[in-house]
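A short worksheet on the structure shown next.
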Amino acid sequence: MDKMKIVSIVGARPQFVKMALVAEAAGAFRAVDFCIAHTGQHYDANMSDIFFRDLDIPSPKYNLNIGSGTHVETTGKMLQALERVLLKEAPDMVFVYGDTNSTLAGALAAVKMGIPLAHIEAGLRSFNRSMPEEINRLITDRVSDILFCPTKTAVHNLRREGITKGVFQVEDVMIEMLRKYSAIAGRRSRILGVLSQGPHEYYLATVHRACNTDDIARLKSLLKTFGLLKRPVIFPVHPRTTKAISANKIRVRPNVIMIDPVSYIDMLMLEKHACAILTDSGGMQKEAHFFHVPCVTLREETEWVETVSSGWNVLAGADEVKIRKALKHFSSPRRNVERRPARPALNHSLRSGSGQASPASRMIEIALKFLRSRR
Ligand code: UD1
């Protein structure tokens, strides 16, 4: 039988993390020919290359070098460039990941060219259509043939939209990554020494969502709040956020330690040893939950509702009072007693290896079954 060709489309940091184990699993299937097309949405070395190197991801066969621009412009450029890749490769299936503009462009290119499409991390919803990611998710899920959902909530969200065909709940590949890399991070990362920080002595913060970087009042409020905290705040700053801070000359207090974006293993180390995490990233909410580190989400809503219902995550937006109240709540002695949930909320995702195939292998198996059923 001919090999089944899968083109995997990625472009932004979290997608490299989601793809790493899928690429590894695909390599173990003799029936699969897996190649990577990188849109170039993230292009700085510490936003892209470092992930390929540290996570042993095969080099992309294509790098489209699309770079920065408006959402419409970059998505349009990606679509055109991806059409050329897909014409050349003529794959049996396209894989897209998460909710970025690269996800949307990959999904549209595949569906318009009649190529079956699998969406990894399908069904997540914030129910806030002003987020570019929400639009990307809604459209990608609508046109996907296979939808890999990481949680029951995600399956339920799709059902409410009438999407039931091709839906599979498969353990979260990001959690599989955490299991694999948290010990590796402990051995390889030097970040705590470099920053002269001890475990549980600092807060870890990240801010990159458009709602926080493009609204200067919110960004100012966040930085002011970080500056009022009684401990150092390690703040790996996304390039978008760096630009907004310098363009608006926002004052940053000395306890806020601004550093360049860090590698995946350094980020895991920083997360694991933080006394709390303040973030607007989806992945970091899950990672905080995995490490049992309190998380304050700097948004009004989250796609990872399980982290909130378990008590490990509090939604505080960019409001100084709410953020400080959330941190106080986590540090109260009573709360410390409660900080050992009997059952982790993302229990499906957090279930330890039970002898079943890894989630990434399951995804490949499901994709192969789907393709064989069509031959
Ligand atoms: C994108 C995703 C977001 C994801 C995030 C992870 C969309 C709509 N958003 O947001 O869902 O959580 O990636 O980081 O796709 N820039 C650089 N160097 C880089 C990359 C970006 O300087 O390597 C700058 C550019 O000026 C760019 C800006 O950052 O315009 C924003 O980058 P972009 O990829 O558009 O969105 P992110 O904010 O990274």
Side-chain angles (χ1 to χ4, degrees), residues 9-20 38-53 55 60 63-79 81-82 96-109 119-122 124-126 128-141 174 177 205-215 218-219 222 235-248 258-264 266-267 277 279-287 297-299 301-304:
I9 297 173
V10 289
R13 236 173 7 179
Q15 292 167 330
F16 311 141
V17 177
K18 294 187 227 295
M19 181 185 61
H38 185 329
T39 63
Q41 179 174 349
H42 285 175
Y43 45 88
D44 288 350
N46 58 359
M47 299 284 286
S48 176
D49 300 359
I50 198 170
F51 288 82
F52 282 81
R53 200 185 60 220
L55 307 181
N63 196 327
L64 309 179
N65 293 314
I66 302 297
S68 302
T70 66
H71 286 227
V72 173
E73 184 191 352
T74 50
T75 309
K77 282 186 187 166
M78 286 177 200
L79 250 179
L82 285 169
V96 293
Y97 306 77
D99 55 15
T100 74
N101 293 340
S102 300
T103 316
L104 176 64
L108 286 179
H119 183 203
I120 291 161
E121 211 175 77
L124 296 187
R125 296 292 181 266
S126 63
N128 173 358
R129 288 200 183 198
S130 71
M131 283 179 76
E133 294 86 354
E134 183 76 351
I135 304 300
N136 296 343
R137 293 179 197 124
L138 282 163
I139 298 172
T140 303
D141 285 342
M174 284 187 88
M177 279 297 277
T206 72
V207 176
H208 78 274
R209 294 275 171 192
C211 68
N212 285 327
T213 58
D214 298 0
D215 181 333
R218 282 180 71 106
L219 187 58
L222 288 172
F235 183 23
V237 198
H238 188 288
R240 162 204 279 279
T241 317
T242 306
K243 279 183 202 162
I245 293 172
S246 64
N248 295 285
M258 290 176 54
I259 57 172
D260 285 338
V262 294
S263 68
Y264 182 66
D266 283 344
M267 187 52 105
I277 294 175
T279 188
D280 57 10
S281 150
M284 286 179 63
Q285 293 171 52
K286 282 191 285 183
E287 287 157 4
T297 292
L298 309 172
R299 288 173 48 200
E301 71 283 304
T302 179
E303 300 77 20
W304 302 100

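In listed order, ligands and their atoms are each counted from 1. We number each residue from 1, following the sequence as shown. Keep in mind that this is a model prediction, so the values were computed, not measured.
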Residues Arg129, Glu133: salt bridge by 4.0 Å N-O rule: no

Side chains of Ser281 and Thr206: any donor to acceptor distance under 3.5 Å? no

Assert yes or no for the condition that the ring centre distance of His42 to Phe16 is strictly below 6.0 Å. no

At a 4.0 angstrom heavy-atom cut-off, what protein residues surround ligand 1? Ala12, Arg13, Pro14, Gln41, His42, Tyr43, Asp44, Met47, Ser68, His71, Asp99, Thr100, Asn101, Pro132, Glu133, His208, Arg209, His238, Pro239, Arg240, Lys243

Got a salt bridge between Arg137 and Asp99, using NZ or NE/NH1/NH2 to carboxylate O under 4.0 Å? yes

Answer yes when Glu121 and Lys286 have at least one side-chain N-carboxylate O distance shorter than 4.0 Å, and no when they do not. yes

Thinking salt bridges, do Asp214 and Arg240 make one under a 4.0 Å N-O criterion? yes

